[in-house]
Structures are given as C-alpha cells and as structure tokens.
Amino acid sequence: MAAGNMSESNSIVLTRAPLDARALERLVADPGAGAVVSFVGLTRDHHLGRRVLGLEYEAHEILAKRMLEKLRDEAIQRFGLVRAAIYHRLGRVEIGEASVVIAVSSAHRAAAFDGCRFLIDALKTSVPIWKKEFYADGSAPDWVGPDGNPVSI
Amino acid sequence: MAAGNMSESNSIVLTRAPLDARALERLVADPGAGAVVSFVGLTRDHHLGRRVLGLEYEAHEILAKRMLEKLRDEAIQRFGLVRAAIYHRLGRVEIGEASVVIAVSSAHRAAAFDGCRFLIDALKTSVPIWKKEFYADGSAPDWVGPDGNPVSI
Amino acid sequence: MIVSVFYHAFLREKLGRESELLAVFGEAPNAGAVVDAFVSAHPEFARLAGSLNVAVNDEIAGRAAAVNEGARVDLLPPYGGG
Amino acid sequence: MIVSVFYHAFLREKLGRESELLAVFGEAPNAGAVVDAFVSAHPEFARLAGSLNVAVNDEIAGRAAAVNEGARVDLLPPYGGG
C-alpha cells in the first residue's frame, strides 16, 4: 500500500472550529481503498453520574500535533492503511458536538477497523491533550484523565 | 442503554441513490452516546488483478431488509448500542462510490467498534444482496461471492 | 406437489429465467427436497447446490423447513453485498 | 543548573502559574531530576509525580533523558483527549 505517503499537512488538525466527519472521510478516500472506518467522539451530557454542561480542551499544541503525526504514520505502516486523518477540537465544546474525528482507509476492512481503533486508543493515552468538564450541580470543574476519572493531587 | 428502540423505518435503507455517510452519523447521534463508529465500503478500481469498470448490486429486497433489521436489533442487544443504521446501494454503482454505509453509536467506543464490525461482517455473509462486476479487459462480468471469488457452477 | 421457484443474480442469469414451477416429490416435502428437485431439473448446478440459501415464503429456511403446496421458494446464490 | 518548567491544564490551574524557573542539582541532570526538583518545590504533588509525562525541548522524554542548561521542560499531567 501507499504507506508513508500521508505527510499532507491537512491530515492532522487541532482546531477551535466544529469538526466535519464527512470532510475527513473524503480526505482519506482513494481509488485503491475499499474501506473507510471513522470514529467520532461526542461530548456527553453526563459523566460519572453528574450532568455535564460543557467541556474545554487544551493541548501542548506543537507536541500534540507531532505525536498525532507519529501515530498516524505508525498506524499506516503497522496496519497497511492507505490514508489516515485525525482532527481534534480545542477550546470550548458544547454537549453533543464532536471533540475528535478519526478516519482511515485501507484496501480491506479489517485493517481499517484495527487502524482506527489503534489511533483513538493511542490518542487517549499518549497525546498531550487535556479535558476540563463543567458540571450542572455547581461543583468545581474537573480535569478528566484517560481512565475517565478526575485528575487529583 | 436504549436497546430495542430502533425500529425507526429510516435506519435500514436499500436505495439506488448515492449514500450520505454524514446523514447516517447524524441519524445515530444521541445525547447519551459518546462514540459513533462508521464503516463505508467503496467500490474499487481493481479486483483479483483485473481493472473494474463498475458494479451492479441487486437484492431480494423484502428479505434483505428484514435480515438487516434483524442484524441491527441483534447488534444493539449484543453490544449495548444506542442506535445503528445501515444503508446499501442497489443498481449501478460507479468506481469510488459508497456501496454500503453502516453507522452505530454507543456510550463508549469499544462497543461501537465491535458492533459496527459485527454488522458489516454479518451483512456480507448473511444478507441476500448480490454484486456483479464489469471488467475493463472485455471478459464476461462476474457475480462475486462473500469470499471475493467469482460465483461459478 | 408444485412449488414456484425464484432465481436471483448468478442463478437467474445462468438459467435465463426469473422463476419456474417445479414438481417436488415425497410425503412431507421440505426445502431440501426443493433443492433436490432443482438439481434434477438442472444437473449443471449440482456442485453449487450445497452453497445455496433457501427462502420459503420470504423467510430464510433451513433444509428441513416444511414447504407447502403453492409455496414461493427463492434459491439464493452466495451473497456479495458490502 | 536552572531550567524553565512549564505547567499545563490541571497543574497550571493548581499552581496558579504557567511556568517557573527551577534549580536542578546533580552532575548530569536528567528529566527525572527535574521532576524531583518540582516535587521539592511543590510537595503537594508528590503522589501525582509518577504519572506526569515530561517533554524536554518539545520532545517527549523518558526520566533518564538529559536536560541541558536553559532547557525548556514541560510537565504534562494525565491526558484527557478523545
């Protein structure tokens, strides 16, 4: 496959604008790709029993972008993907909006499912992006870790 | 989760019109769903070494729709999905167009990946839809089976 | 007993017809007996017979499923959706 | 040796600052020594120290990675992207 040909600068984006899953799916489409799998992470209205009003994301942007590029290249190599793209929101995100969209294409579907899942799992554990949740019950907002639990001292 | 609430008639569609993956993703979105995984199957320009000019799909429509509804309900139950939708093209499909789109939503991502993969795997093996490929080399078109090989006597 | 048998995709094209009436013998005819009657009428499909799915009155049916007089039986060649 | 240490997200909020200069001791200071200096200055973070990631000059670095005079070191609390 065309491993390693995805250094296009528009395949990894951190943005304050709403995400467009369809645009990503178009970005990874290719005449040699028979399968596109995409993952959309949506902000939910509750978390650990508390109603969530909204979220804020921040990142170490230089480092996060570089880690995402590295993960994209690793996924393309390891799973034989044709293309992969990852967009993540920063700043305030309303409930029900997409915080992250990942789309990958491959000749056959198994690689696309495995590659997409690898990317969202790796993003959660190894990319310096942080999420702050604001609650309806008036309690202080929490920074939420990769396990879903609040980060605390 | 809201298992079994998806008897909406627009979640399973066989159509001769181009498919809109984004519309399906919207269809399965829900305030309680944190993850949407979608699969898009695209027609490829080559198959087993031969250049493909185009494809035609046909189905036993009543039975195919009923099987897809059954698979959707089974996936919702088995994986605890919030919603699932499946659209499949019929008739002539040009190269690079989507022949099938499946979108599923769930509270957490593992269920969405597993449920989406279950549905495309099951669609291929157990839903009466057939695909005829037309080749550039002038050879007779083939009906292609679930293993990718031509059906023959 | 006479049943209406419908052909799809590869089968329809090879046979050059969408359906036909087939005579099925036996005391309690089932879907398997319809497949046997199909192979007797069209022996060139003997090898493919095992990989056909059968629908009786628009429901997928195992080979043991009962088939009544006047039933609609669809013979479904290997699927290619997706 | 003096390094610039930058704080993010949870750390920045708890500390009420984006960065500070920390003195790091030892002959060949590494990223682990910077984390130790951070904990000495802010002992309330001792428990969290093990789950911090460290970046040295905008590259993720293991605890053994060398840190030179004037380096930029980012302390990264547990991630929450996705």
Side-chain angles (χ1 to χ4, degrees), chain A residues 19-26 28-48 51-52 55 82-83 93-121 123-124 131 133 144 147-148, chain B residues 19-26 28-48 51-52 55 82-83 93-121 123-124 131 133 144 147-148:
Chain A
L19 302 180
D20 178 357
R22 193 70 195 107
L24 257 81
E25 286 164 6
R26 274 195 302 267
V28 301
D30 183 281
V36 172
V37 169
S38 60
F39 172 81
V40 180
L42 299 163
T43 57
R44 297 169 65 198
D45 59 0
H46 61 279
H47 183 217
L48 302 178
R51 203 158 78 77
V52 177
L55 300 96
V82 175
R83 296 212 183 103
V93 178
E94 305 301 327
I95 299 303
E97 288 189 337
S99 55
V100 59
V101 180
I102 298 175
V104 312
S105 60
S106 62
H108 301 289
R109 68 189 186 281
F113 276 107
D114 291 342
C116 189
R117 192 167 194 159
F118 165 80
L119 283 171
I120 181 62
D121 289 349
L123 183 154
K124 286 184 178 259
K131 173 168 71 176
E133 281 188 347
V144 178
D147 54 0
Chain B
L19 302 180
D20 178 357
R22 193 70 196 108
L24 257 82
E25 286 164 6
R26 275 196 301 269
V28 301
D30 183 281
V36 172
V37 170
S38 59
F39 171 82
V40 180
L42 299 162
T43 57
R44 297 170 65 199
D45 59 0
H46 61 279
H47 183 218
L48 301 178
R51 203 158 78 75
V52 177
L55 300 96
V82 175
R83 296 215 183 101
V93 178
E94 304 302 326
I95 298 303
E97 288 189 337
S99 55
V100 59
V101 180
I102 298 175
V104 313
S105 60
S106 61
H108 301 290
R109 69 189 185 283
F113 276 107
D114 291 342
C116 189
R117 192 166 195 159
F118 165 80
L119 284 171
I120 182 60
D121 289 349
L123 183 154
K124 285 184 177 261
K131 173 167 70 175
E133 281 189 346
V144 178
D147 54 1

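Below, chains carry the letters A, B, ... as their sequence lines are ordered, and counting in each starts from 1. In what follows, every heavy atom counts, from backbone to side chain, and hydrogens, waters and symmetry copies are set aside. Keep in mind that this is a model prediction, so the values were computed, not measured.
- Contact annotation for His47(A): neither backbone nor side-chain heavy atoms come within less than 4.5 Å of a heavy atom of chain B.
- The residue from Val37(B), Val28(B), Val36(B) that alone fulfils the side chain to side chain contact (heavy atoms under 4.5 Å, CB included) condition with Val40(A) is Val36(B).
- The side-chain contact (heavy atoms from CB on, under 4.5 Å) search around Ala110(A) returns Arg117(B), not counting sequence neighbours.
- Between chain B and the options Ala112(A), Cys116(A), Ala29(A), Ala103(A), heavy-atom pairs under 4.5 Å are most frequent for Cys116(A).
- Interface residue Ala33(A): only backbone heavy atoms are found under 4.5 Å from chain B.
- The two residues Ala21(A) and Arg22(B) come nearest to each other via the heavy atoms CB-NH1, 4.1 Å.
- Considering every non-hydrogen atom in both Ser38(B) and Glu25(A), the closest pair reads OG-OE2, 3.5 Å.
- Taken from CZ in Arg109(A) to CG in Asp121(B), the straight-line distance is 4.5 Å, to the nearest 0.5 Å.
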